[in-house]
Amino acid sequence: MSRQRPNLRMTIQKEPEPELVPPRNLDSSTTIQIADRTFEIDADSLEKICDLGRGAYGIVEKMRHEQTGTVMAVKRITATVNRKEQKRLLMDLDISMRSSDCPYTVHFYGALFREGDVWICMEVMDTSLDKFYPKVFKNNLIMEESVLGKVCYNFDLYVKQFVNAFS
């Protein structure tokens with residue numbers, strides 16, 4: 001003998017996700033401060049020198065600002081309709097902007113929008129640990145404990161300042 005199951009249906013309504021809005025109006029130009037001077041720049045005033053690296057959703061290029069001769073790293077992130085990647089892009093931009101006052105991070109100059117890409121302009125570093133360590137290892141050298149200690153100490157200070165800024 002079989003019992004017939006009741007025909008129950010549940011409808012679950014999802015709340016619409018809030019629209020992602022950039023933290024500030026991005027335009028094809030931006031105002032940057034280099035030392036004690038302020039400049040209006042656009043993508044056309046930046047000359048590419050070389051590629052510095054590639055990431056999951058962007059490229060970092062070394063560029064020179066023609067008017068000042070300032071060399072900077074420009075992270076170019078392709079704006080996308082993919083919600084997850086757009087959220088990452090906005091988080092990257094927000095973190096860059098918020099951490100610009102931290103003495104333990106590279107300086108954030110500004111951001112602009114060009115042909116579907118967001119360009120984040122920042123101070124360029126001489127190297128990074130992920131590039132430096134293999135060179136040390138390849139040449140059978142060691143990283144002195146005092147150097148590693150300074151890196152760890154400054155990273156710890158950065159994390160503490162970063163947590164305080166976002167809490």
Side-chain angles (χ1 to χ4, degrees), residues 17-136 143 147 150-167:
E17 292 189 37
E19 184 179 334
L20 293 174
V21 180
R24 61 164 75 156
N25 294 334
L26 289 180
D27 202 353
S28 60
S29 63
T30 189
T31 302
I32 65 169
Q33 186 163 351
I34 299 172
D36 59 347
R37 298 179 62 199
T38 302
F39 301 93
E40 183 76 19
I41 69 165
D42 60 23
D44 292 331
S45 67
L46 297 172
E47 172 191 358
K48 180 179 172 181
I49 299 171
C50 66
D51 289 344
L52 293 175
R54 294 183 182 276
Y57 59 105
I59 181 171
V60 181
E61 298 172 328
K62 189 175 190 179
M63 295 187 161
R64 178 181 294 106
H65 180 237
E66 292 171 347
Q67 184 182 357
T68 63
T70 300
V71 176
M72 61 182 75
V74 178
K75 184 185 286 189
R76 291 180 33 199
I77 305 170
T78 302
T80 177
V81 292
N82 179 319
R83 189 157 190 80
K84 188 175 182 180
E85 288 183 17
Q86 186 179 18
K87 202 171 191 177
R88 264 194 262 165
L89 181 150
L90 295 175
M91 185 174 68
D92 195 346
L93 180 58
D94 188 46
I95 288 170
S96 296
M97 291 168 59
R98 286 189 192 208
S99 63
S100 65
D101 293 334
C102 180
Y104 310 105
T105 62
V106 294
H107 181 73
F108 170 77
Y109 292 126
L112 51 101
F113 190 76
R114 169 82 183 261
E115 298 173 359
D117 291 347
V118 174
W119 291 25
I120 301 174
C121 304
M122 19 184 189
E123 175 185 9
V124 68
M125 299 183 337
D126 293 331
T127 191
S128 60
L129 282 177
D130 69 317
K131 291 180 181 173
F132 182 68
Y133 180 75
K135 289 178 183 177
V136 170
M143 292 178 77
V147 172
K150 286 181 183 179
V151 170
C152 292
Y153 177 76
N154 285 309
F155 181 75
D156 183 54
L157 292 175
Y158 163 73
V159 169
K160 287 176 183 171
Q161 183 168 343
F162 189 77
V163 167
N164 288 336
F166 284 96
S167 40

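Just so you know, these numbers use all the heavy atoms, side chains as well, and skip hydrogens, waters and symmetry mates.
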Problem - Carboxylate-amine/guanidinium proximity below 4.0 Å for R114 and D42 - result: no

Exercise for the section: Compare every heavy atom of T127 with every heavy atom of F132, then report the nearest pair and how far apart it is. Expected result: N-OG1, 3.9 Å

Handout entry: Residues in side chain to side chain contact (heavy atoms under 4.5 Å, CB included) contact with F39, at least two apart in sequence or another chain
Key = I32, I34, R37, I41, H65, Q67, T68

Practice task
For D51 and E61, run side-chain contact (heavy atoms from CB on, under 4.5 Å): C-alpha distance rounded to whole Å, both residues' side-chain angles, the deciding distance at 0.1 Å, then the answer.
Solution key: CA-CA 4 Å; D51 289 344; E61 298 172 328; 3.6 Å; yes

Fill in the blank from the handout: Of all heavy-atom pairs linking M143 and Y133, the shortest is SD-CD1, 3.5 Å

Exercise for the section: Could you tell me the separation between the CE atom of M72 and the CD atom of E123, rounded to the nearest 0.5 Å? Expected result: 10.5 Å

Problem - Sub-4.5 Å side-chain heavy-atom contact between V74 and C121 - result: yes

Exercise for the section: Heavy atoms only: give me the nearest I49-M63 pair and the separation to one decimal. Expected result: CD1-C, 4.0 Å

Problem - Smallest separation among heavy atoms of D117 and R76, with atom names - result: OD2-NH2, 3.4 Å

Practice task
Give a yes or no on this: more than 12 heavy atoms of other residues, nucleotides or ligands lie within 6.0 Å of atom NZ of K48.
Solution key: yes

Practice task
Write down the atom of A73, the atom of L52, and the distance for their closest heavy-atom approach.
Solution key: CB-CD1, 4.0 Å

Exercise for the section: Keeping the roles fixed (side chain from D156, backbone from C152), state whether a donor-acceptor pair exists under 3.5 Å. Expected result: no

